[in-house]
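The structure appears below as structure tokens.
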Amino acid sequence: DWIGGERKELIQHYRKDLDYAMRVGAEYGGFHVVQVDDEEGFTYPRKHTDREVIDAAAAFINELLDGQNYSFWFLMENLWWPGLTFLEPEDTRGLIRQVHYKKKGFMLDTGHYLHTDLELQTQEEAVEALHRMLDRQEDMIPYIKGIHLQQSLTGDYVKEWLRTPHDLPPDPTERFCKVYEHIFRIDKHEPFTAAGVKGLVERIAPLYVTYEYITRSREELAEYLERGRIN
């Protein structure tokens, strides 16, 4: 929830992070192109269009990066709230076109894209949906430099959630906990194990593939890594 925030403070905050990334030799930095407040995250109203957020984010990114001597990739990541969703090819192209930074690209989070279609039921359907998205904007595939490889098919949960009104608690701490509990029931970050996943990754041919999971122990993480590994 940043569009109405204090720009100078945001720039200082991100520059500190980016300077640290340079010091430790990071090969890329990730940036979610999204605008979402607590109410939007909890009850799904849209207060901005995707293009409004993309245009605002591009202007912010240019202010952040212009004139800086960073050498890492700056990878812009999709979510399912207003911003970069990969749903409209012209929005995707508009973001790339507007950002000045030379080493710019996308971090495609497969699970985040799946949350844009509440009707998906199986991982095989999920792979097909991702291929259809790529078909619509094949010219953008070379810009996908990284993949957060994960899945969660939670459309039924979201549809059930939206059938009844939900109120946010007034207490900030309780509100934070409720929102994040809801988000993680949508975005589970589980292994993407369908047979077609390998071909999907090969089609994109990214520089980086991250198995991005949410787990409760090292043992569960090891299990997820074994299940999700692409051979």
Side-chain angles (χ1 to χ4, degrees), residues 1-3 32-54 57 76-92 95 106-137 147-197 200 210-216 220 224 227-228:
D1 183 17
W2 62 274
I3 283 182
H32 290 103
V33 178
V34 65
Q35 160 64 32
V36 59
D37 62 19
D38 288 350
E39 184 182 2
E40 286 174 291
F42 204 60
T43 61
Y44 268 64
R46 293 177 67 89
K47 299 180 181 179
H48 299 82
T49 66
D50 289 343
R51 192 52 184 260
E52 286 171 345
V53 177
I54 280 171
M76 297 169 284
E77 183 174 342
N78 59 300
L79 277 161
W80 63 98
W81 290 304
L84 176 62
T85 61
F86 289 116
L87 289 173
E88 293 294 335
E90 279 309 306
D91 289 345
T92 313
L95 179 58
F106 297 121
M107 175 65 75
L108 169 62
D109 189 300
T110 53
H112 292 172
Y113 181 76
L114 302 181
H115 304 325
T116 66
D117 185 348
L118 302 182
E119 303 306 318
L120 296 173
Q121 295 291 321
T122 68
Q123 289 196 31
E124 288 71 26
E125 290 176 354
V127 172
E128 291 174 3
L130 284 156
H131 275 297
R132 288 195 298 271
M133 178 272 288
L134 295 173
D135 290 342
R136 293 194 301 271
Q137 47 206 316
I147 299 177
H148 283 170
L149 193 61
Q150 54 100 0
Q151 62 82 24
S152 48
L153 297 167
T154 53
D156 288 344
Y157 165 76
V158 174
K159 288 188 287 187
E160 180 64 31
W161 176 270
L162 294 176
R163 288 193 180 101
T164 55
H166 298 275
D167 296 321
L168 281 167
D171 177 74
T173 301
E174 187 180 354
R175 173 185 293 240
F176 180 87
C177 292
K178 286 289 185 183
V179 169
Y180 267 80
E181 179 184 344
H182 172 58
I183 289 170
F184 287 130
R185 291 190 70 179
I186 299 170
D187 196 26
K188 292 186 174 182
H189 285 250
E190 295 179 340
F192 206 169
T193 59
V197 171
L200 176 72
T210 302
Y211 298 96
E212 192 179 56
Y213 301 139
I214 297 173
T215 57
R216 289 165 289 274
E220 186 176 47
Y224 275 25
R227 285 168 53 195

As a test of understanding, state which of Phe176, Trp161, Tyr180 forms a ring pair (Phe, Tyr, Trp, His ring centres under 6.0 Å) with Phe42.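 Of all the options given, the one that passes is Trp161.
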Say you draw a straight line from [atom1] of [X] to [atom2] of [Y]; how long is it, rounded to the nearest 0.5 Å?
| X | Y | atom1 | atom2 | result |
| --- | --- | --- | --- | --- |
| Leu134 | Leu130 | CG | CG | 6.5 Å |
| Met76 | Thr92 | CE | OG1 | 10.0 Å |
| Phe106 | Gln137 | CZ | CD | 8.0 Å |
| Arg175 | Asp167 | CZ | CG | 10.0 Å |
| Asp91 | Leu84 | CG | CG | 8.5 Å |
| His112 | Ile186 | NE2 | CD1 | 10.5 Å |

Is any side-chain heavy atom of Asp1 closer than 4.5 Å to one of Asp38?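 The answer is no; the side chains never approach within 4.5 Å.
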Report yes if some heavy atom in the side chain of Gln35 is under 4.5 Å from a heavy atom in the side chain of Trp81; otherwise report no.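 The answer is no, as the side chains (C-beta and beyond) never meet within the 4.5 Å cut-off.
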Looking only at the aromatic ring of each residue, does the gap between the centers of [Y] and [X] stay below 6.0 angstrom?
| X | Y | answer |
| --- | --- | --- |
| Phe86 | Tyr113 | no |
| Trp80 | Tyr44 | no |
| His115 | Tyr157 | no |

Please name the pair of heavy atoms, one in [X] and one in [Y], separated by the smallest distance, quoted to 0.1 Å.
| X | Y | value |
| --- | --- | --- |
| Ala194 | Val127 | CB-CG2, 4.0 Å |
| Thr122 | Leu153 | C-CD1, 3.3 Å |
| Pro82 | Glu40 | CG-OE2, 4.0 Å |
| Ile214 | Lys188 | CB-O, 3.8 Å |
| Thr215 | Glu220 | CA-OE1, 3.3 Å |
| Phe192 | Gln151 | CA-CG, 3.6 Å |

Determine whether His182 and Lys178 satisfy the following criterion, side-chain contact (heavy atoms from CB on, under 4.5 Å), listing intermediate values before the conclusion. CA-CA 6 Å; His182 172 58; Lys178 286 289 185 183; over 6 Å; no
Step through the shown structure and confirm whether more than 12 heavy atoms of other residues, nucleotides or ligands are within 6.0 Å of CZ on Arg185.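 No - once you tally the heavy atoms of other residues, nucleotides and ligands closer than 6.0 Å, there are 12 at most.
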More than 12 heavy atoms of other residues, nucleotides or ligands under 6.0 Å from CD of Glu77: is that the case?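 Atom CD in Glu77 is packed in, count exceeds 12.
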Would Val36 and Leu79 satisfy side-chain contact (heavy atoms from CB on, under 4.5 Å), going step by step from the backbone distance to the final call? CA-CA 10 Å; Val36 59; Leu79 277 161; 6.0 Å; no
With the threshold set at 4.0 Å, does a side-chain nitrogen-carboxylate oxygen contact exist between Lys47 and Glu39?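 Glu39 and Lys47: salt-bridged.
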Do the charged groups of Asp156 and Lys159 touch, with an N to O distance under 4.0 Å?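 Judged by the 4.0 Å cut-off on N to carboxylate O distance, Asp156 and Lys159 do form a salt bridge.
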For Glu212, is there any backbone N or O sitting under 3.5 Å from a side-chain donor or acceptor partner on His189?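 Judged by distance alone, yes, a pair lies under 3.5 Å.
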Just one of His48, Glu52, Arg46 clears the side-chain contact (heavy atoms from CB on, under 4.5 Å) bar with Asp50, so which one?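 For Asp50, the side-chain contact (heavy atoms from CB on, under 4.5 Å) test succeeds with only one of His48, Glu52, Arg46, which is Arg46.
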Can you tell which of Val34, Thr85, Asp109, Leu87 makes a side-chain contact (heavy atoms from CB on, under 4.5 Å) with Asn78?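 Filter result, single survivor: Asp109.
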Verdict with reasoning, Thr154 to Asp187, per side-chain contact (heavy atoms from CB on, under 4.5 Å): CA-CA 8 Å; Thr154 53; Asp187 196 26; over 6 Å; no
Val197 and Thr193: side-chain contact (heavy atoms from CB on, under 4.5 Å), yes or no, with the steps? CA-CA 7 Å; Val197 171; Thr193 59; over 6 Å; no
